[in-house]
There are 4 protein chains.
Amino acid sequence: MVGRGRPRDAEVEGKVLEAAVAELRQRGYEGLAMDRVAERAGVAKTTIYRRWSSKAELVVALITHLRDDVPFEPGDDSRRDLTALVTAIAARLTSTPTTLVADLAAAAARDPRISESVRTLWAARHRAVTEVVAKAQQDGLVLTHVAPAVLVDQLVGPLYYRLLVTGEPLTPEYARTLVTSVLGPSRSDQES
Amino acid sequence: MVGRGRPRDAEVEGKVLEAAVAELRQRGYEGLAMDRVAERAGVAKTTIYRRWSSKAELVVALITHLRDDVPFEPGDDSRRDLTALVTAIAARLTSTPTTLVADLAAAAARDPRISESVRTLWAARHRAVTEVVAKAQQDGLVLTHVAPAVLVDQLVGPLYYRLLVTGEPLTPEYARTLVTSVLGPSRSDQES
Amino acid sequence: MVGRGRPRDAEVEGKVLEAAVAELRQRGYEGLAMDRVAERAGVAKTTIYRRWSSKAELVVALITHLRDDVPFEPGDDSRRDLTALVTAIAARLTSTPTTLVADLAAAAARDPRISESVRTLWAARHRAVTEVVAKAQQDGLVLTHVAPAVLVDQLVGPLYYRLLVTGEPLTPEYARTLVTSVLGPSRSDQES
Amino acid sequence: MVGRGRPRDAEVEGKVLEAAVAELRQRGYEGLAMDRVAERAGVAKTTIYRRWSSKAELVVALITHLRDDVPFEPGDDSRRDLTALVTAIAARLTSTPTTLVADLAAAAARDPRISESVRTLWAARHRAVTEVVAKAQQDGLVLTHVAPAVLVDQLVGPLYYRLLVTGEPLTPEYARTLVTSVLGPSRSDQES
DNA sequence: GGTTAACCGAGACGGTACGTCTAGTCTTGCG
DNA sequence: CGCAAGACTAGACGTACCGTCTCGGTTAACC
């Protein structure tokens, strides 16, 4: 007895998320009004609440929707791969409104369901890093014998730390320095 | 023309900040209601707004008020000092409600004044780390030649990263591993 | 071109009306939600709207459905008959939730179709009174020469007045007093 | 400790009630939207809810506000007085939207506080009738020896009965007939 | 010692948003 | 067709919060 009743309008989800993203960019999280989202999406407020039980959940979905996993295929040069990955993550964080990242963290700290959702998002984004780090370690490129997970934390963690805590900029140079710190200087770095 | 009129009640500031801290811990930034702060402090809302022109400014003041710098004097053994420091920071973060940290970050991301205030707070807490790292580097304990600031980020950043992003626990072992990763294994570690 | 398509389920009408009556008793007219009626009746909302085009019309039908005329055969003694009738009406009103009566009046005041339906209901219930009053008047039992309809109003009206307006109780004594006031005291009353 | 805080704006109450009356006349009870009342009165919705906790209570207040007790001084002729009073009540009921009367009854049947309020309203309006009836009875004008309260019910009750139940019109003639039925025919009536 | 200036408390007020509820309509697929 | 299931529009309801404003009443400093 599946598929009874009127099926959900497939367009709704997209329209709402799009409207929400636009509003979010324009007025920030606090300024994101459900009424306006509804109107902008050309949809009744009830329809939004049927899918997402609160503003917070809508924003979570919105973020997930933003996920555009660029599949990453590792090359031969782990150092180059790692630098590219960390730089990409930094770039992405930079282009995302900081409030969003912070609000997600705050919402996650309060609601375990959101927490899970948000963590899944980040996990997906950082997975490739773990793989490349493990590979680099097998190749003997890493200085210390520490669990790969810790190294990942030391590559990615500082990005969030700067973004959320110190407010310093996430430049490509910074990303490269992080990699250098973990892998040691490359030959070209040494020469310079 | 100084000192005319009724002087401000000296106790008010303290009472309000205390009440605000309590509310912030309980309900987070969004849930921090000025009405409740006023009631809890036994003070009129007007009195609060006379001192701080908005909720945001109140939180700024509140954060500054939180600063309770435990003075740290470095010893001979930089590795031991560093481990102690990172462990202490981790312990402090663990004992602080995660929502508080996240909400501060969120508030900072929204309001530059809060941002500055929050950063000053963290900077005070992390200053000692920078000093010890620099000393360790001078002593030749650090593997790579990277700016001390970056090393600090890689020691402290992962703590916030785990707390706010991945949700993994901040154990003393983790703190020691972070130090090991930066300084390389200690002699005792190597022996084991 | 008769009997095309699936025939209407004969049970539906009864189930819906019954459910609607129950809801009406519990929650009153305003609180009568079509969704709840549908669910309680085990019927789709669409099915209800196919038969009755609005909440108002459903209530109309519902009222008609409530009609359960207890046939009354007059005896020799008009005074006794009248007393019995008025007492019976009072008892029935007492056992009916006051909200129901009031809501019916309110709905009637709003919608002429409901109005007609409700009036038919009351008329059926009060018809016997008119007959007996007319008979009593012919027998010379009534003090004044007033149209029977007015006397009926003065016998039945006070019941609704007390119920809806003053909130005073409808006791059998009250019913008898009403009859006494219209017919004059009976011989036994006079003796006492 | 009187008169603390900002005093209530004296105009608000009047403006809101006026706006509410206008809305009520235009769109009926169900169509009376608090948002529109607020806008029309040039007042925030919160301000309305601070004074009246619900739509129902606002309407009650509205009715009470409508109270314009025409003080009645009885003359020598009780029959004339009574006729005038009953006619006045009938006229007033006729000029009031029926929905209002019915809705008040319905609201009263649900909420005891409203009930009390409404009854007070009616009681004030009907008080004079009781007095005049009692006087008429002392003067020997009443046919039967029944409690004055019952006679009042039989004079006023039929008006509400016709209005809410049978829907028949409340003409001055009807009012006079009611009085006649209770007092017996006047001399002039007999002559005619 | 009266005037004046600034404070304090209480709380009303305008405004904005949230999340809930309902009436009625519309869209499927099954019988 | 009828029916069940349930999505959809439109819009009211009552609550919460923010920041402003208006009072009556204090508490000093100054004339």
Could you state the CZ-P distance from B:Arg36 to F:dA16, rounded to the nearest angstrom?
10 Å
Could you grab the distance from atom OG1 of D:Thr96 to atom CZ of D:Arg25, nearest 0.5 Å is fine?
8.0 Å
Spacing of D:Trp52 atom CH2 relative to E:dC13 atom P, expressed in whole Å:
10 Å
Side-chain N,O (B:Arg8) to OP1/OP2 (F:dT26) below 4.0 Å:
no
For the side chain of A:Thr46 and the base of F:dA7, is some donor closer than 3.5 Å to an acceptor across the two?
no
Distance check: side-chain N/O of D:Lys55 vs OP1/OP2 of F:dC13, anything under 4.0 Å?
yes
N or O in side chain of B:Arg50 less than 4.0 angstrom from E:dC8 OP1/OP2
yes
Side chain to side chain contact (heavy atoms under 4.5 Å, CB included) evaluation trace for B:Leu164 with B:Thr98
CA-CA 7 Å; B:Leu164 299 178; B:Thr98 309; 4.2 Å; yes
Would you mind reading off the distance between D:Asp35 atom CG and F:dA12 atom P, rounded to a whole angstrom?
6 Å
Separation of atom CD in D:Glu30 from atom C1' in F:dA12, rounded to whole Å
12 Å
Euclidean distance, atom CD of residue A:Glu23 to atom C1' of E:dA17 [Å, nearest integer]
13 Å
Please check this pair: side chain of B:Lys55 against backbone of B:Leu32, looking for a donor-acceptor N/O pair closer than 3.5 Å.
yes
Between A:Arg27 and C:Leu32, just flag the one whose closest nucleotide in DNA chain E comes earlier from the 5' side.
A:Arg27
Would you say A:Arg4 reaches E:dT27's phosphate, i.e. side-chain N/O to OP1/OP2 under 4.0 Å?
no
With respect to the phosphate group of E:dC8, does any side-chain polar atom (N or O) of B:Arg51 fall under 4.0 Å of OP1 or OP2?
yes
CG-CD1 distance between C:Leu24 and C:Ile63, expressed to the nearest 0.5 angstrom
8.0 Å
Between the base of E:dG24 and the side chain of C:Lys45, is there any donor-acceptor pair under 3.5 Å?
yes
Between A:Trp52 and A:Leu17, is there a side-chain heavy-atom distance shorter than 4.5 Å?
yes
Would you say F:dG14 has OP1 or OP2 under 4.0 Å from some side-chain N or O of D:Ser53?
no
Shortest side-chain distance from B:Ser54, nucleotide among E:dC13, F:dG14, F:dG19:
F:dG19
Given atom CD of A:Glu39 and atom P of E:dA17, what is their separation to the nearest angstrom?
12 Å
Please classify the nucleic acid contact of D:Thr47 as base, sugar-phosphate, or nothing, using heavy-atom distances under 4.0 Å.
sugar-phosphate
Which residue lies toward the 5' end of DNA chain F, B:Pro7 or B:Gly31, if each is placed at its nearest nucleotide?
B:Gly31
A:Arg119 and A:Ser115 side chains, donor-acceptor separation under 3.5 Å:
yes
Starting at CG of A:Leu58 and ending at C1' of E:dC18, how long is that distance when rounded to a whole Å?
13 Å
Relative to the 5' end of DNA chain F, which residue comes earlier, B:Gly5 or D:Ala33, by the nucleotide with the nearest heavy atom?
D:Ala33
With a 4.0 Å cutoff (strictly under), does any side-chain N or O of B:Arg6 reach OP1 or OP2 of F:dA29?
no
Spacing of D:Lys15 atom NZ relative to E:dG14 atom C1', expressed in whole Å
11 Å
Along DNA chain E (nearest heavy atom to each residue), the more 5'-positioned of B:Val43 and C:Tyr49:
B:Val43
